[in-house]
Protein chains: 2
Amino acid sequence: MAPVFPWTPSGLVSPDSPGAVLQLVRTAHASSRSEIARLTGISATTAATRVQALLDHGYLEEAGEGVSLGGRRPRQVRLRTTGGVVAAADLGGSHAALALFDLGGRLLVDRSASLRVQDGPESVLGWVHGQLAEMLDGLEGPAPLRAVTVGVPGPVDAQAGRVVTPARMPGWHGVDVRALLGRLVDVPVLVENDANLMAVGEYAATPEPGSHLVFLKAGSGIGCGVVIDGHLHRGARGAAGDISHASVGTDSDVPCSCGRIGCLDAVASGAAVTRDAAAAGLPVTDTTDVLRLAADGEPVSAQLLRSAGRATGEVLASVLNFFNPDTLVLGGRLSQAEPYVAGLRAVVYERCLPLATDALQVTVTRAGPLAGVIGGAHLALEHLFEPTRVNATVGSGAAGPATAS
Amino acid sequence: MAPVFPWTPSGLVSPDSPGAVLQLVRTAHASSRSEIARLTGISATTAATRVQALLDHGYLEEAGEGVSLGGRRPRQVRLRTTGGVVAAADLGGSHAALALFDLGGRLLVDRSASLRVQDGPESVLGWVHGQLAEMLDGLEGPAPLRAVTVGVPGPVDAQAGRVVTPARMPGWHGVDVRALLGRLVDVPVLVENDANLMAVGEYAATPEPGSHLVFLKAGSGIGCGVVIDGHLHRGARGAAGDISHASVGTDSDVPCSCGRIGCLDAVASGAAVTRDAAAAGLPVTDTTDVLRLAADGEPVSAQLLRSAGRATGEVLASVLNFFNPDTLVLGGRLSQAEPYVAGLRAVVYERCLPLATDALQVTVTRAGPLAGVIGGAHLALEHLFEPTRVNATVGSGAAGPATAS
DNA sequence: TTGACATACTCCAGAAATTGGACTTACCTC
DNA sequence: GAGGTAAGTCCAATTTCTGGAGTATGTCAA
């Protein structure tokens with residue numbers, strides 16, 4: 001008999017590194033010393049020691065006693081959420097949402113404001129910084145800013161923190177948002193596509209490890225965000241999630257911005273629906289008008305929205321068959337229109353394979369307009385607390401909580 | 001100023017667990033003690049101790065001396081590949097490929113044979129076991145079998161090791177391949193879809209961590225395998241990669257097996273091409289005939305293959321835009337036909353967005369007919385050496401190298 | 001009420017792992 | 001050769017982890 005391995009390299013199986021204790025508490029998987037010992041396999045003594053270290057350094061705080069499981073009640077601990085805040089800014093074509101969150105991911109304040117993208121990156125990011133500073137000043141217990149996430153409506157090189165060819169933000173191509181804003185705030189700055197942020201925001205609402213989520217942002221443009229196994233999928237060039245130029249079977253001959261005919265974006269986007277509604281003689285100038293008419297029971301607008309939903313569903317069906325996610329979340333302004341959602345759902349269930357739909361949940365966004373900033377906060381906190389990738393130097397470069405402004 | 005964290009939980013940043021040493025050597029990232037110390041950040045003493053333990057237990061072996069970097073030559077170590085073998089079986093509709101690999105992933109023997117699926121799971125898996133036993137007997141230095149991967153042409157519940165609704169293997173629905181084969185071989189058994197295995201096999205040829213790969217298997221049916229960030233993406237129900245029922249713009253009215261019209265499978269699969277070729281009066285009975293005619297310069301068959309490639313490219317373009325991989329690998333028998341590949345490439349580059357194609361490599365499979373078993377070996381070795389998921393009880397359940405037959 | 005038993009946690013001494021520095025080996029360059 | 005450098009070993013000091021004893025505080029059932 002050839003040699004066998006009677007010995008397994010220790011540490012190969014269970015990830016019980018010291019930092020894992022913080023993760024367990026942060027993700028609500030454990031809340032007492034004994035629970036940590038059980039889950040990680042480390043001894044009770046070690047668990048207590050590590051918890052104490054985290055308490056001493058302000059990562060955790062005592063949280064009273066839990067319920068007895070037949071013996072002494074456990075002394076619970078939780079993340080100390082007052083040790084700082086993270087900020088997220090979700091920039092749109094003409095509008096921005098800004099918010100502050102505590103270290104537990106709880107929303108502290110948010111505001112939204114109209115934005116003048118055309119003023120250029122320096123001006124806009126300066127404005128963002130001013131808004132954030134105001135919000136920070138307004139907090140009750142002042143806490144240091146730890147990280148900022150900026151969402152922009154276009155492709156992003158998240159590694160470098162740069163904007164790439166944004167269709168809806170002329171003048172921003174190649175702009176190093178990380179450097180520009182990092183100079184002002186002096187904390188790590190993450191830059192991300194807005195649909196990606198929304199996807200993460202929805203995932204954060206019910207974070208099931210190992211689950212896959214596709215988020216559809218159907219507004220004046222159409223885009224997707226993809227979360228795979230709990231991690232944002234950006235693709236090779238940060239361009240993942242683009243379905244706007246998939247071709248749909250249509251008799252429309254309106255040319256798309258990409259030069260082709262029959263692209264989803266030219267047929268089923270908010271802009272396209274508005275254009276078609278206006279052409280049909282309805283008194284509309286933007287997507288909101290169409291949504292209002294449809295909500296009031298105006299049939300032509302409802303019909304247009306339903307068609308847009310069906311066209312989008314057609315494209316999504318291919319995506320869902322290919323990608324087989326657990327969840328499809330519909331967001332963006334069009335997802336507020338019932339005919340749109342109904343049309344989309346009908347086609348998805350008609351066109352998808354049984355295996356693709358039997359586990360699939362199709363829901364309308366719960367986080368709503370805050371999905372983007374919630375996702376931004378999630379990424380910022382992940383960056384602060386789980387800097388697993390050693391080479392991921394972001395912003396001020398510090399791995400984990402470090403000096404902040 | 002609110003409290004800041006001057007202390008970072010140790011172990012939060014660098015993954016330097018004892019088992020990491022084995023991974024570094026296995027993945028060819030390190031080959032000497034000093035290199036391991038440098039890469040992991042552990043002291044030279046510790047690195048030497050761990051290497052010695054791995055040597056003592058047969059995981060590693062000495063491998064002579066390397067080149068000097070200005071001082072003493074490093075004493076190299078490498079994975080001890082003779083400590084066992086892994087097996088992979090790639091079952092097709094009527095054909096099977098079987099192979100044995102050493103623990104370094106090197107192919108030792110392979111054979112292919114015709115298969116009678118209709119004999120049923122017990123019979124077929126018994127036959128597989130017999131073939132593997134024969135091959136094991138034929139090895140020079142007899143080594144114990146450590147794990148087996150079985151690829152089947154249909155959806156799979158990899159977690160449970162079961163086959164799910166396989167279109168091309170009637171009688172196999174719900175069959176617990178892991179249990180059936182595990183009873184015979186008494187080592188961990190992995191079950192996986194064949195296109196998935198091929199994707200992993202191609203990835204294994206040039207394993208770049210963080211890269212995304214889509215593998216197209218275009219044979220008598222059409223399927224994809226997806227590797228995300230080095231990990232196989234199975235989807236929620238193990239059904240990821242299915243593009244056979246995406247609809248393509250065509251004037252064909254041949255109904256698909258799913259009951260609809262215009263599905264890719266009904267238009268561009270090997271079976272569809274053969275059908276159309278026969279209908280055009282060509283003397284063909286299967287895909288091989290068509291490929292041969294086209295290779296001989298027969299224009300109608302070439303034209304049909306080109307159209308099939310174009311239709312497939314149309315569907316893939318959507319997938320590539322959405323998914324933004326680094327690599328698209330074309331495999332399956334149709335990928336051997338130049339007109340098919342040319343048609344596919346043309347449409348992909350025409351229909352994809354610049355961001356989706358500027359980083360994209362479109363290549364024809366290098367691993368060829370062995371891609372499936374190579375992928376199977378890769379998964380088996382990954383299971384043996386990287387059992388990071390604690391709950392992943394597979395086969396005989398042991399995590400890491402353990403008792404074997 | 002009371003005893004039996006369980007869980008949660010702490011304390012402490014022994015065991016194990018890790019480290020830094022001294023030391024050896026062995027190569028390169030000049 | 002001499003000096004410099006990298007690779008690796010040896011060893012004592014240090015740090016970390018563990019298991020068992022002991023304490024605190026519950027549940028449960030008679």
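The model shown is predicted, which means the values in this text are computed figures rather than measured ones.
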Test ring-ring contact (aromatic ring centres under 6.0 Å, His included) applied to His212(A) and His233(B), step by step: CA-CA 10 Å; His212(A) 314 300; His233(B) 174 70; 4.7 Å; yes
With side chain to side chain contact (heavy atoms under 4.5 Å, CB included) as the criterion, how do Leu103(B) and Arg26(B) come out once you've worked through the C-alpha distance, each side chain's angles and the decisive distance to 0.1 Å? CA-CA 9 Å; Leu103(B) 295 183; Arg26(B) 200 173 90 78; over 6 Å; no
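Between Gln76(B) atom CD and dA7(D) atom C1' the separation is 12 Å, expressed in whole Å. Put simply, CD1 on Ile36(A) is 18 Å from P on dT7(C), counting in whole angstrom units. The nearest whole Å value for the distance from the CD1 atom in Ile42(B) to the C1' atom in dG20(C) is 14 Å. Here dT27(D) presents its C1' atom at 15 Å from CD of Glu65(A), a figure rounded to the nearest Å.
Comparing dG8(D), dA8(C), dT18(D) by their nearest atom to the side chain of Ser43(A) picks out dT18(D). Nearest nucleotide to the Arg75(A) side chain, out of dT18(D), dC9(C), dT19(C): dC9(C).
Contacts between residues 49-56 of chain B and DNA chain C, counted as heavy-atom distances below 4.0 Å, involve Arg50(B).
In this structure, Ser68(B) reaches the sugar-phosphate backbone alone: every heavy-atom distance under 4.0 Å involves primed, P, OP1 or OP2 atoms, never a base. Residue contacts shown for Ser34(B) are limited to sugar-phosphate atoms, with no base heavy atom under 4.0 Å away.
Checked by distance alone, Thr45(B) brings a side-chain donor or acceptor within 3.5 Å of a matching partner on the base of dC10(D). Remark: the Arg72(B) side chain and the dA26(C) base include no donor-acceptor N/O pair separated by less than 3.5 Å.
Side-chain N/O atoms of Arg33(A) include none lying less than 4.0 angstrom from OP1 or OP2 on dT7(C). Using a 4.0 Å cut-off, no side-chain N or O of Arg73(B) falls inside it from OP1 or OP2 of dA7(D).
In summary, the side chains of Gln76(A) and Ser32(A) do not present any donor paired with an acceptor at a separation below 3.5 Å, with no hydrogens or angles considered. A donor atom on one side chain and an acceptor atom on the other are not found under 3.5 Å apart for Thr46(A) and Thr49(A).
Note that CD1 of Ile374(B) is 12.5 Å distant from CG of Leu379(B), once rounded to the nearest 0.5 Å. With values rounded to the nearest 0.5 angstrom, Asp157(B) atom CG is found 9.5 Å from Arg234(B) atom CZ. The CZ atom of Arg178(A) sits 10.0 Å away from the CZ atom of Arg162(A) when rounded to the nearest 0.5 Å.
Both Leu69(A) and Gly41(A) lie close to DNA chain D; mapped to their nearest nucleotides by heavy-atom distance, the more 5′-ward contact belongs to Gly41(A). Positionally, the nearest nucleotide of DNA chain C for Gly70(A) lies more toward the 5' end than for the other of Ala48(A) and Gly70(A).
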